[in-house]
Amino acid sequence: MSNIEGKVVVITGASSGIGEATARLLAQKGVHVVLGARRTDRLEDLVSAIREKGGSADYQKLDVTNQDQMEEFISYAKNKFGRIDVILNNAGVMPLSPLEALKIDEWNRMIDVNIRGVLHGIAAGLPIMKKQKSGQFINIASIGAYTVSPTAAVYCATKFAVRAISEGLRQEVGSDIRVTLVSPGVTESELAESISDKKAQQEMKEFRRISIPAEAISRAIVYAIEQPADVDVSEIIVRPTASPF
Ligand code: NDP
């Protein structure tokens with residue numbers, strides 16, 4: 001029996017990639033997963049697949065850029081299960097381009113999803129966790145939270161921000177709420193599909209040639225949740241062994 005059986009974990013961006021893989025792995029371990037994303041057809045299929053294997057899963061339509069929707073999403077989980085053990089702030093977008101391409105809408109989208117989305121999750125979940133005197137935020141950053149490369153200035157800036165916010169939150173609420181930053185290297189998912197800049201698209205093909213499956217990140221997330229309540233796994237970087245990046 002897993003020591004995380006029965007926990008309630010809400011996951012943003014659960015319709016593909018790391019969020020989806022983590023939902024499947026946690027559900028296998030007896031966790032109640034509550035899944036949010038915009039593509040509800042994907043979430044519906046995922047929830048059915050998890051339930052067919054005897055797992056517990058629910059979903060809600062969620063755009064993390066919308067604070068009201070985030071509040072509704074978190075309240076849904078709280079009302080259904082009476083508490084929230086973990087909020088996995090995972091939703092993210094990565095439309096890379098050189099700054100001189102001036103893709104201002106894409107910059108704003110990254111800021112809205114990758115930074116504001118995480119802040120919205122914190123705003124919706126923190127009062128509940130403070131009242132419970134327990135809980136854990138797991139925020140997904142990136143190796144781009146530690147280094148910057150051409151075409152990735154804004155994306156890396158958003159991930160540096162997620163790292164800063166996570167560390168600040170950990171220092172402020174540390175007495176009974178855990179904060180974990182998980183930073184993946186290149187991982188199989190749909191993330192690179194949002195790149196509209198042709199040159200950045202081409203460069204990403206080489207950059208993403210060596211990758212690890214999304215489940216590799218899910219296992220790190222499970223490890224952080226499995227630790228006893230007085231152990232905070234604050235930062236984990238998981239990258240392909242063979243990748244120089
Ligand atoms: P995917 O593109 O496969 O998944 C991204 C998820 O985010 C989707 O479920 C998508 O759902 C969701 N999402 C995007 N915009 C919104 C929004 N406005 N509201 C709600 N959900 C949204 O990529 P990954 O699984 O790779 O990405 C997960 C996280 O991992 C991201 O934060 C990413 O930055 C990070 N990461 C990934 C790496 C990789 O190599 N794959 C490396 C480093 C970090 P929908 O479109 O249905 O809303």
Side-chain angles (χ1 to χ4, degrees), residues 10-25 33-47 59-70 72-74 87-96 105-106 108-121 124 137-149 152 154-163 165-166 180-195 204-218 220-221 235-240 243 245:
V10 303
I11 305 176
T12 72
S15 58
S16 62
I18 294 167
E20 176 185 345
T22 306
R24 288 183 196 274
L25 184 59
V33 292
V34 181
L35 313 177
R38 294 164 306 168
R39 290 172 295 176
T40 48
D41 52 332
R42 297 274 198 110
L43 294 179
E44 198 176 336
D45 290 349
L46 179 56
V47 163
Y59 77 89
Q60 289 282 292
K61 186 180 170 67
L62 170 69
D63 182 337
V64 296
T65 67
N66 182 317
Q67 177 66 29
D68 291 341
Q69 282 189 29
M70 182 67 86
E72 280 167 30
F73 175 58
I74 300 294
I87 294 179
L88 175 56
N89 282 312
N90 164 75
V93 291
M94 189 189 68
L96 302 179
D105 288 349
E106 294 187 354
N108 286 335
R109 191 149 61 88
M110 283 188 276
I111 291 166
D112 286 345
V113 177
N114 300 2
I115 305 179
R116 290 203 172 90
V118 170
L119 287 170
H120 290 160
F137 288 97
I138 303 182
N139 299 331
I140 304 299
S142 167
I143 49 171
Y146 299 85
T147 53
V148 185
S149 52
V154 178
Y155 178 73
C156 292
T158 66
K159 295 302 187 176
F160 271 67
V162 171
R163 187 171 156 220
I165 291 162
S166 302
T180 300
L181 185 78
V182 176
S183 290
V186 180
T187 304
E188 288 159 22
S189 77
E190 299 175 12
L191 192 67
E193 292 173 16
S194 64
I195 302 174
M204 264 300 106
K205 285 212 172 103
E206 177 54 24
F207 185 82
R208 298 186 70 78
R209 199 169 50 82
I210 303 168
S211 62
I212 46 177
E215 293 71 31
I217 311 305
S218 310
I221 292 166
E235 288 195 25
I236 313 182
I237 299 177
V238 183
R239 51 159 68 91
S243 171
F245 308 114

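Just so we're clear, the structure is a prediction, and the values are computed from it rather than from any experiment. Each residue takes its place number in the sequence, starting with 1. When a ligand or atom number is given, it counts from 1 through the structure's own listing order.
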Please report the closest heavy-atom contact between [X] and [Y], naming both atoms and the distance.
X	Y	answer
Y155	L96	CB-CD2, 3.7 Å
A21	A214	CB-CB, 3.7 Å
A216	V238	O-CG1, 4.2 Å
R116	D112	NH1-OD1, 2.5 Å
G17	S189	CA-CB, 3.8 Å
V162	A141	CG1-CB, 4.3 Å

Given L62, which of T40, T12, I74, L43 fulfils the side-chain contact (heavy atoms from CB on, under 4.5 Å) condition?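 Output: one option passes, namely T12.
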If the test is side-chain contact (heavy atoms from CB on, under 4.5 Å), which one of V154, I195, V113 qualifies with M94? I195
Under 3.5 Å: donor-acceptor pair, side chain of [X], backbone of [Y]:
X	Y	answer
K61	F73	no
R239	T187	no
N114	V93	yes

Is [X] close enough to touch ligand 1? Criterion: a residue heavy atom under 4.0 Å from a ligand atom.
X	value
A141	yes
I140	yes
K159	yes
G185	yes

Is ligand 1 under 4.0 Å from a heavy atom in the side chain of F207, in the backbone, in both, or in neither?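 For F207, there is no contact with ligand 1 at all, from either part.
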Below 4.0 Å, non-hydrogen atoms only: which portion of R42 touches ligand 1? Side chain, backbone, both or neither.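 Within the 4.0 Å criterion, R42 makes no contact with ligand 1.
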Out of all atoms in ligand 1, which are within 4.0 Å of some heavy atom of [X]? Include the element for each.
X	value
V186	40 (O)
V113	15 (N), 18 (N)
P184	42 (C), 43 (C), 44 (C)
G17	3 (O), 25 (O)
N90	28 (C), 29 (C), 31 (C), 32 (O)
A14	9 (O)
L62	19 (N), 20 (C)
V93	14 (C), 15 (N)

Student check: side-chain heavy atoms of [X] and [Y] closer than 4.5 Å:
X	Y	value
L88	I221	yes
S218	E20	no
Y59	L46	no

Tell me whether [X] has any N or O atom under 3.5 angstrom from an N or O of ligand 1.
X	answer
I143	no
L191	yes
S142	no

Report the member of [options] with the shortest heavy-atom distance to [atom].
atom	options	result
atom 24 (P) of ligand 1	G13, G144, A145, S189	S189
atom 18 (N) of ligand 1	I217, I237, D63	D63
atom 16 (C) of ligand 1	R38, R39, E20, E193	R38
atom 11 (O) of ligand 1	A214, G92, S15	S15

Please report the interatomic distance OG(S183) to CZ(R163), rounded to the nearest 0.5 Å. 7.5 Å
Considering only the protein, which heavy-atom contact is closest to [atom], and what is its distance?
atom	result
atom 25 (O) of ligand 1	I18 N, 2.8 Å
atom 13 (N) of ligand 1	A91 CB, 3.9 Å
atom 19 (N) of ligand 1	V64 N, 2.9 Å
atom 34 (O) of ligand 1	Y155 OH, 2.7 Å
atom 3 (O) of ligand 1	S16 OG, 2.8 Å
atom 41 (N) of ligand 1	T187 O, 3.0 Å

Does the side chain of S15 pick up a donor-acceptor pair with the side chain of R39 at under 3.5 Å? yes
